[in-house]
Structure formats: structure tokens, C-alpha cells
Amino acid sequence: MAESRKTRVRFAPSPTGPLHIGGVRTALYNYLYAKQHNGTFVLRIEDTDSNRFVPGAEEYIIEALRWCGITPDEGVENGKIVEEASSRHPYGPYRQSQRRAIYRRYAEQLIENGYAYYAFDTPEELAARRAEAESKGETFIYNQESRKTLRNSLTLGKEECARLLETTTGWTIRFKMPENEVVKMDDLIRGHIEVNTDTLDDKVLWKRSDELPTYHLANIVDDHLMEITEVIRGEEWLPSLPLHYMLYKAFGWQDTQPRFAHLSLLLKPSGQGKLSKRDGDKLGFPVFPLRWVSPEGEVTRGYREDGYFPEAFINMLAFLGWNPGDEREILSLKELSEAFSLERVIKSGARFNPEKAKWYNKEYLRMKSDEELAEAYMPILKEQGVDSTPEYAARAISVIKDRASFVADFWTAAPYLFVAPSEYVAKDVAKFWVPEACGPLEKVRALIADYSGEMEPAAIAGAIEGYIKQNEWPIGKVMNCLRLALTGSASGLGIAEIIYTIGTAEAAARVDKAFSVLNQ
Ligand code: GLU
């Protein structure tokens, strides 16, 4: 088997739309596996189904992987799919539509060796057979029984076949599934599986109409030619595994056949059913890594645009169906690749939890320096029309960081760290702007204006509170009144933190402004 070979894994998406987070998780597990085994992570674009091709999807896939930091070692160069073989990308091209010449040869080889046959049935003939079966309450399957009664190279004479191959373009090459054979398979996650070939149909491998292979043929041929050692992919491909085993056998490639690992599905937060592409809109969280604008102009939100850090997103995804077997929950990409193992991937579906995604982001936000966060905050401030500096933004972040899950929260939670309030919440004014608080506030304003102590929240708080207590003023009332003057409402950050950020002069000016506006 494949053990002694150098590890080579691949992520092989079809460019049929944006990559769902389940697809990103598949790519991530392949990446982690490759890194752990000092192997190569290949990106291959499986675009042989031209009917399902969506413009922009390939670029989206590359950009999504780049944002996540799970960059392919092979198949992509300068943000583009490699179209020719080279020393760094020896197995190119990496887009299947550019490898079409290869597949026909292999399909013909199967025919020569008796593992496949030509099928000439027209769509109308097959539709008639389907209708006939349905009328009897049965389902039509192109298989070892029905193929004996259909128009193919097994039932027609040699000359007739040659004529049809020459003169028609609707024919296909189908796999000739052997009768009553038990396919014995091993999955690295699911263990041993056996399937009898009598339950399997004769899948189309190649189509004359577009001279393209189907997924099954192209996938097996490419995994072989690209020397893939492990195939790690979604559970939806498990039903195809017996055919894939049969194809390896038919080609005589069992010795280098990759090992397989089928990942469980991602489930809806309720645990009921598969997490679908539409769930994000319905349930209010993104199911795509990046924003996607469909060719029809429909916009779908993404984790990146919603303000998630790629490290948090990746960490969260890694834990959907896997864990390191200890208490750790926060792991970098490097730590993940050290800890990862397919043996610890769960067999059952992994329930997606949008709250956990937010929790991860909050944790990563807390680990970042104020300076780094300030850099991410500057564009938001600019958008809000605020003229600030990264140094000031970092200072503001230091007092608000613990309350935020996203960089955008810095603004929504405390715009008053950047702009003086222009309005005051009426119900707070009614409740807190009262004479017994306003009197002392004038004195407190003077204390703040003259403050020359340490510019640290704790010291500022000590000075103000000590002064109020010493004068036996009602501390709660005075503080609320002060907060109203500083922020425009009675809720928000601690007073000392606000003053520490905006400075004593600005704080005193805001108190003056409140007096002039509210005492009119
Ligand atoms: N092209 C398939 C997909 O879109 C790849 C399946 C596989 O990895 O074998 O998921």
C-alpha cells in the first residue's frame, strides 16, 4: 500500500460556486495532514462537468484558501491555477479541463481490457426505459442486468459498434461492474466496509458529446498520476468508493492506491440535518469563508467580511469533528498540524455552533496586541468620519478590548472614545441630571481638569471616587451624571477608563458642554 511513499494529499473542489465551510474544513484537514507528514498539499480543480461551471468560483476557492492560510504547495502559483507542469508543479496542469487528452486514453484502456464498454443509448431511449420501469413501480438502473437489453458494445455486433462510434456523438463509455463480487474497502475513519457489486450500477466514465471524463474517471486517473497517498474528502463521496476501488483494480493500480478517509457532515446548529448553503441566510450566520456575489448579483455573507480573524475561523473549523484529546481549544495552524490525526476525527456528524465561532474570535482578539488591532480599526474609524491616529486607537482599544468579539465592536460599543456626545439619552437625563448630582459634578469637573496624578485608570478612579466620598456626595448619582456628560448616556465603560482614553482636558470640556446643553 501507500505507507512508504512520500505523503501527497489533495483538495479537489469543483468550481460550481463558493466554497462552503464544510469544503474549507476538508481542505484544512488535508493541509494539516500534509504538514504533519512533511508531505505535499495539492490543489486540483475538477471542472469536467461544464454544465455546473460557475464563473469566479475557481478564483474564490484560491482566495478563500489564501485567506485561511492553508496555501497549497502545488497547483497554485501567484494566485492562479498552474496550467503546465514545471519543477515546482510537476504534475500539471492542475485543472482537469486542461487534461482531457489524458482521460480518453485511460477509458479506452479499460475497454480493451474488458472493464468498460461503449453505450449508444440515446437520452430518449433511456427516458423510455425509465418511464416503463416507473409504470411498474420500479426504478431503472443501468447495471449488469439491464445492460444485456440495452444498445451497447456488449449487445451489438462489432461492425454496428464501429459504425455508431464513427457516425454518432451521443455515446458514452460505461464501467462494466462485475457480477456478485464483494468489494472490500478500508476507510481510515470508518474502518472496514464491504459492498456487493450487484448493488452497484454501470457508471458513465467518459462522454463523446463533450469528450470529457466524468468525475469518477478523472478523479481516479489524476489521483494515480499525481501520486496521491491519502484521499481525505467529504462523506458524500463514500457511495462512490466501491466504484473507485473497482477502477483501481481494473487499471492494475492497487499497489499505489491511496488510502481513504471520509469526513462526516457538518450539521445545522440544531443537530437536525446537514448544514446547507442556504442555512446561513436563514439562521443568521455565514456558511462561506468569504463574501460571494453570484453571477446573478446575489450577495452572500462571509466570515472574512463579518470580521472574523482567519486564525479564529480555522481553529473553530478544525474542532468541528476533531479534537486533540486534551483540554486545549486554542491552537495555531502550526499547533493544529502537530496535534492532528485522522484517528481522532469523529465518525458522526459535527454540529455547527455559531456562538462557538464568536467565542473563538473573541479569544483571538484578546490575544492580539492593541497596536495590531488598531491597524484593523483605522479603516472603520475612517468610514465613521473620525480623524484619529493608530496610537490613540490603540489606547482606546486597551480599555474596550475585553468587551469586544470583533474589531467592529470597538466602535459600536464606545463611539464616545472618539467623538464627544452631541445628544443625551432623554430618559437618562430625566433620571440622572438632577441637582444633587449636578452640584458636586461642577467640583468633580475641576478636580479632573486639574488632575496631575498618574494617567492610569486605577489612579484616576481612586482620585475621583476618593474626592466624592470625602465630601460625602451620593457617589452613584454623581458618577452617573458624569458618565452622561462624557458619553451621552448612563451606560458604558468605566468613567476612569474613558478619562484615561480621552484625556482630562477633553473630559472637562465634555462636562462643560453638558452643562451648557442640559441646563438651558
Ligand atoms: N470534485 C469533488 C468535489 O467537488 C472531489 C471529491 C474528491 O475529493 O474525491 O467535492
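This is a predicted model, so every value here is computed, not measured. Just follow the structure's listing: the first ligand is 1, and inside any ligand the first atom is 1.
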Establish, yes or no, whether a centroid distance under 6.0 Å links the rings of Y60 and W292. yes
F406 and Y308 aromatic centres sub-6.0 Å: yes
Paired with R10, the salt bridge (charged side-chain N to carboxylate O under 4.0 Å, His left out) test is passed by just one of D222, D223, D73, namely D223
Looking at W359, does the NZ or CZ of K356 lie under 6.0 angstrom from its six-membered ring centre and within 45 degrees of the ring axis? yes
N/O contact list for ligand 1, threshold under 3.5 Å:
residue  : atom   : partner : partner atom : Å
ligand 1 : 1 (N)  : A12     : O            : 2.8
ligand 1 : 1 (N)  : S14     : OG           : 3.0
ligand 1 : 1 (N)  : E46     : OE1          : 2.6
ligand 1 : 4 (O)  : S14     : N            : 3.3
ligand 1 : 4 (O)  : S14     : OG           : 3.2
ligand 1 : 8 (O)  : R10     : NH1          : 2.7
ligand 1 : 8 (O)  : R10     : NH2          : 3.4
ligand 1 : 9 (O)  : R10     : NH2          : 2.9
ligand 1 : 9 (O)  : Y215    : OH           : 2.8
ligand 1 : 9 (O)  : N219    : ND2          : 3.0
ligand 1 : 9 (O)  : R233    : NH1          : 2.9
ligand 1 : 10 (O) : W237    : NE1          : 3.2

Count the heavy atoms of every other residue, nucleotide or ligand shown that sit under 6.0 Å from CZ of R129, and state whether that count exceeds 12. yes
So which atom in L381 and which in A393 form the shortest heavy-atom distance, rounded to 0.1 Å? CD1-CB, 4.1 Å
